[in-house]
Amino acid sequence: MSAIKLYRHPLSGHSHRVEVILSLLGLDAEIIDVDLKAGAHKKPEFLAKNSFGQVPALDDGDVTLSDSNAILVYLASKYDTERTWYPEDLTDQAEVQRFLSVAAGKVAFGPAAARLVNVFGAGLDHDAAIATAHGILIELEAHLNGRDWLATDLPTIADAANYAYIAHAPEGDVSLENYPNIRAWIERFESLPRFIAFEKTPVGLCA
Ligand SMILES: N[C@@H](CCC(=O)N[C@@H](CS)C(=O)NCC(=O)O)C(=O)O
């Protein structure tokens, strides 16, 4: 049995970014589904892993971590011997962090929120989420002009963090038709060796 355990939900983009990095780094992990519908993430056993009661969480031997971006930093720092996924150069690191913040902020409240609205339905403002999504997509489209990857010349955890919610934005009625640079970036990411896809169904409990 693997020493690494990932606690996730199969429709969670936050979980997918960890899953995909584990795979891209060639790391074996035991995948444990957390039943959000049954409230398993708010039970003491899971709260001991993440007091915020959210997936993903990760065990690596004696170490328990939560928050997807924090987990990405940990895995890439510990296991990527080439240090390309989370570079050691401080300027590159800052650029990676900049795009991890985009993934946690603008992307979470735009493309991810639009998909979430389609999952949860009423009570959330779909049009506002779609408008926010296009705002960040316009910025990313310009940023990717002449660039293959978000933060450095090579793929980094910043690409992994932003990938799932942007690639699946159409499930939240956010079309990617007008964003050729973003579509090319998605294709490049999906062509990486050992890339694993995220479930495409928009029906679920989690953005
Ligand atoms: N900042 C957290 C956010 C994680 C998050 O939003 N997880 C969602 C699933 S995608 C969750 O567990 N939601 C259940 C809840 O908040 O009760 C991370 O990056 O891991």
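Because the structure is predicted, anything quoted here is derived from the model rather than measured. When a ligand or atom number is given, it counts from 1 through the structure's own listing order.
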* **Residue part near ligand 1, for His9, under 4.0 Å between non-hydrogen atoms** => neither
* To do: Pull out every atom of ligand 1 sitting under 4.0 Å from any heavy atom of Ser12, numbered as shown with elements.
  => 9 (C), 10 (S)
* Asked: Which bit of Phe46 is near ligand 1, meaning a heavy atom under 4.0 Å away: side chain, backbone, both or neither?
  -> neither
* Asked: If you measure from CG on Asp80 to CH2 on Trp85, what distance do you get to the nearest 0.5 Å?
  -> 8.5 Å
* What atoms in ligand 1 come closer than 4.0 Å to a heavy atom of Tyr165? -> 10 (S)
* Using atom types as modelled and distance alone, determine if a side-chain donor or acceptor of Asn162 lies under 3.5 Å from a backbone N or O of Phe99. => yes
* Passing candidate, side-chain hydrogen bond (donor to acceptor under 3.5 Å, both in side chains) with Ser68, options His16, Arg17, Arg8, His14 -> Arg17
* Measure the spacing between CG of Leu24 and CZ of Arg194 and express it to the nearest 0.5 Å. => 7.0 Å
* Asked: Are Tyr74 and Asn69 close enough that a side-chain donor and a side-chain acceptor fall under 3.5 Å?
  -> no
* To do: Can you sort out which atoms of ligand 1 are near Pro56, meaning under 4.0 Å from one of its heavy atoms?
  => 20 (O)
* Asked: What atoms in ligand 1 come closer than 4.0 Å to a heavy atom of Lys42?
  -> 15 (C), 17 (O)
* Looking only at N/O atoms, are Arg17 and ligand 1 under 3.5 Å apart anywhere? -> no
* So is there a nitrogen or oxygen of Asn69 less than 3.5 Å from a nitrogen or oxygen in ligand 1? -> no
* **Polar proximity ligand 1 side, Asp67 side, N/O cut 3.5 Å exclusive** => yes
* Structure fact -> So CD1 of Ile136 and CD of Glu141: to nearest 0.5 Å the spacing works out to 12.0 Å
* Tell me which one of Asn50, Val18, Val55 gets a heavy atom nearest to atom 4 (C) of ligand 1. => Val55
* Asked: With distance as the sole criterion, is a donor-acceptor pair present between the side chains of Trp185 and Asp159 under 3.5 Å?
  -> yes
